[in-house]
Amino acid sequence: MRKILLTLVVALFLQTMAKADEGMWIPMLLKKYNIEQMQKMGFKLTAEDVYSVNEACLKDAVVIFGRGCTGELISDKGLIVTNHHCGYGQIQYHSSVENDYLTDGFWAMSSEEELVNPGLTVTFLKRMEDVTERVLEGTSDDMKAEERTKLINENIAAIKKEAIKDTHYEAVLKPFFHGNQYFLFVNEIFKDVRLVGAPPSAIGKFGGDTDNWMWPRHTGDFSMFRIYADKDNKPAEYSKDNVPYKPAEHFSVSLKGVNEGDFTMVFGYPGSTYQYVPSYHLEMLTETVNPKLIDVRTEKLAIMNRYQEADPAVRIKYAAKNARISNSWKRWIGENRGLEILDAINKKQQFEADFTKWANAQAPEYAELLSKYKTVYKDYTNYNLTYGYYREMIRSNGMEIAYLASQMEALKALYEAEELNEEAASKVKQKMNERVELFFKDYYKPLDKELSAKLLGMYATNIDAAFQPDVYALINGKYKGNISKYVDYLYAKSIFDDKEAVLAFISDFSVKSIKKLEKDPAFVLNKSFVEVYDDKVYPQIKKYRTNLAELNKAYMAAQMKFESDKVFYPDANFTLRVSYGQVKGYTARDAVYYKHFTTLEGIMEKDNPDIYDYRVPAKLKELYENKDYGRYEVDGTVPVCFVATNHTTGGNSGSPVLNAEGHLIGINFDRAWEGVMSDLMFNPEQCRNISLDMRYVLFIVDKMAGAGYLLDEMTIVE
Ligand code: ARG
Ligand code: ASP
């Protein structure tokens, strides 16, 4: 008996251990749910060391970088590190043909040389609070949905207002568990954030889109910035009088490295996950939405790649666009593959059968949930696809000429107003001019023309007749269905493919210009798509999403009752989370086992001057030839990246990866191909986050960039 009991206890323990990797946990609640297990896995700190309201703690060294990434403090002088792909926009912004920081890298050799980045912010979390009760105050279940929403919104506004009263902080309030819980976040936002350094793209983006979402990986994906504050250490707009910010906490950088099995913790801002959706959602993605959107992007990329390969200038122009398109395209392919191999739909269906059986017996209020879902997804799927396709046509790097034309709406609206606001108009004109300059800097007409013809053709064959914009009447009428003929006319007649014409049009813009604008075929083209979207797609999407939100809220609550022993983590919603796991390799496919780390040797193996993504910089080769590795050397080489079992997603890029002591050992930047379905279903055998080893970061800063002075301000643990 004792033996059986013991086996049972061990089995249960192992079961919880196995689940340890999955989850993005709320830092404030580690104490309640996770810390014990984290410590069992090797973590040496306490829950308060990670998150505390009153004491300086690790959370004070983690920031939102810009709008969609994570960053972390690595010195007491406001120095932060994030990914190269997170600082890409800033690095590109400062780059010109004379100073091509994207290609050559950039390192400020003193604070005077650091570069100012208009619009870039860094956000610190001061505190968070469960405000569910106050948000729901006065609501009841039998209330009308609208009434309830109105009351909730009023409560939210009041809570936010009170939370930041008499402070310079900002408040954010977000639903968790699909509206079953609410948390308040009080943030401090810094606005003077300067570029300190970035490696050349041949390091920071090494492997490019070829290696993106893949392991083994050798990308030196990091860049460094510095936060500046006013003399009181408070956020301030840029001023030359600002001084480096003194943070409450910064991470020590560990050079001790990682061994397989070591505890790792990722502390950052995961964007969105969909762990609790019904099988219908997975069917929608894998059978309809992903395949169709993959197809459009495959065609986009084929056209872009062809033009980019033929002309180095076009390669540069379309580098960022190509990367953006390719990133989700590749992830969708991996997601479909991963879900299929996991047999995810089946797994969900089995769960749903058990769930419904339970509901029928014990919670009849939930018995109809899945059949309700089924009804909604039946129609929602097509609308969701149409919406996705619509975005691909113009907004997400589609027909660029139509996109530029769409940007004129703001100016048009000003001149349509009863009274012209001259000041606003001149501001908008100036903004538009800047946009036009940037647009044409990265524009290549023959590519856009070919892409437009392709996209118009694909939309017509892939999207229901009911959603075909008016422009097809023109194509099918006057142009007898010949899309190329229509596209020839589009580019011949529109002014939006000609920079000088657009700039002149903007500067002379007056009430009279509205007529001309409304006749421009690129403007008409955009408008015809927007009309379909506004009239036929969006209202329906909105309706279904409202339905789904209600169902999701109920289904989430129901799942928590159904599996009442399980500890649930909320879906990612771009709030600060802790993921913990361990450094670990994995079996990718039959007979192929991937080790947990890569080294400089792998960079040299990939070196190929003929392949753009694999050109190793001369200076790095020189260091390699001379084995000039200094203290970053391990077994005759330098470690580059490692994989672990932390559950991460988009937004976790740039997140600190910490060891058992809470020291910084890596910077998270990606996930491995076999596991990118983790946004929908996590598989501990296959899901791996990819991090840059801090030893490689310091090696590059110190040995390659010669910016070793930056190491002096870090706290380095050897
Ligand atoms: N896959 C990573 C992430 O989702 C890295 C993206 C960098 N962009 C790229 N196209 N390589 O952000
Ligand atoms: N590369 C992603 C990011 O930028 C991270 C991920 O999706 O794993 O946030």
Side-chain angles (χ1 to χ4, degrees), residues 21-22 24 62-72 81-89 91-92 102 198-199 201-215 217-223 264 266-274 297 300-301 304-305 308 315 318-335 338 396-397 571-577 579 581 612-614 641-657 666-680 682 686-692:
D21 315 306
E22 179 176 352
M24 302 169 168
V62 184
V63 297
I64 299 176
F65 180 85
R67 258 163 294 177
C69 278
T70 307
E72 57 272 14
V81 65
T82 184
N83 290 145
H84 185 265
H85 79 259
C86 295
Y88 203 75
I91 305 164
Q92 182 174 33
L102 278 180
S201 294
I203 300 244
K205 208 178 178 270
F206 183 77
D209 288 307
T210 316
D211 284 6
N212 191 25
W213 299 116
M214 309 266 251
W215 182 255
R217 189 67 158 277
H218 301 88
T219 312
D221 199 345
F222 77 99
S223 57
T264 50
V266 174
F267 203 6
Y269 282 85
S272 11
T273 58
Y274 312 86
R297 291 200 175 192
K300 282 187 185 180
L301 289 166
M304 284 192 181
N305 289 338
Q308 286 179 277
R315 183 178 55 66
Y318 281 78
K321 293 174 194 171
N322 192 315
R324 218 174 304 137
I325 297 171
S326 166
N327 196 39
S328 301
W329 167 78
K330 204 165 171 185
R331 180 170 48 77
W332 292 328
I333 297 173
E335 197 167 84
S396 308
N397 302 290
D571 266 325
N573 58 358
F574 206 58
T575 59
L576 187 59
R577 301 291 179 90
S579 311
Y612 180 76
D613 287 341
Y614 292 139
C641 296
F642 63 89
V643 281
T645 60
N646 305 79
H647 193 181
T648 55
T649 187
N652 267 124
S653 274
S655 297
V657 185
I667 308 168
N668 187 76
F669 71 96
D670 210 2
R671 277 171 285 160
W673 182 244
E674 294 76 10
V676 291
M677 71 298 185
S678 62
D679 291 351
L680 296 146
F682 191 87
Q686 296 280 286
C687 293
R688 295 291 179 273
N689 63 312
I690 305 179
S691 305
L692 183 58

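Order of listing sets the numbers, starting from 1, for every ligand and every atom in it.
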Contact residues of ligand 1, where a non-hydrogen atom lies under 4.0 Å away: H85, D209, N212, W213, A323, N327, S653, F669, D670
N397 versus Y318, side-chain donor and acceptor atoms under 3.5 Å: no
Reference residue T264; test side chain to side chain contact (heavy atoms under 4.5 Å, CB included); the match among D21, V657, T645: V657
Side chain to side chain, C641 and W215, heavy atoms closer than 4.5 Å: yes
Counterpart residues, side-chain contact (heavy atoms from CB on, under 4.5 Å), relative to L102 (two or more places apart): Y88, I91, Q92, S95, D100, S201
Closest approach of R671 to V676 (non-hydrogen atoms, all atoms of both residues): NH1-O, 3.5 Å
side-chain contact (heavy atoms from CB on, under 4.5 Å) against R67, all qualifying residues, sequence neighbours excluded: none
Nearest atoms (heavy-atom pairs only) where S655 meets G268: OG-CA, 3.5 Å
First-shell residues of ligand 2 [heavy atom, distance under 4.0 Å]: H85, W213, T649, G650, G651, N652, S653, F669, D670, R671
Parallel, tilted or perpendicular: rings of F682 and H647 (30°, 60°): tilted
Minimum heavy-atom distance T648-N689, with the two atoms named: OG1-CB, 3.4 Å
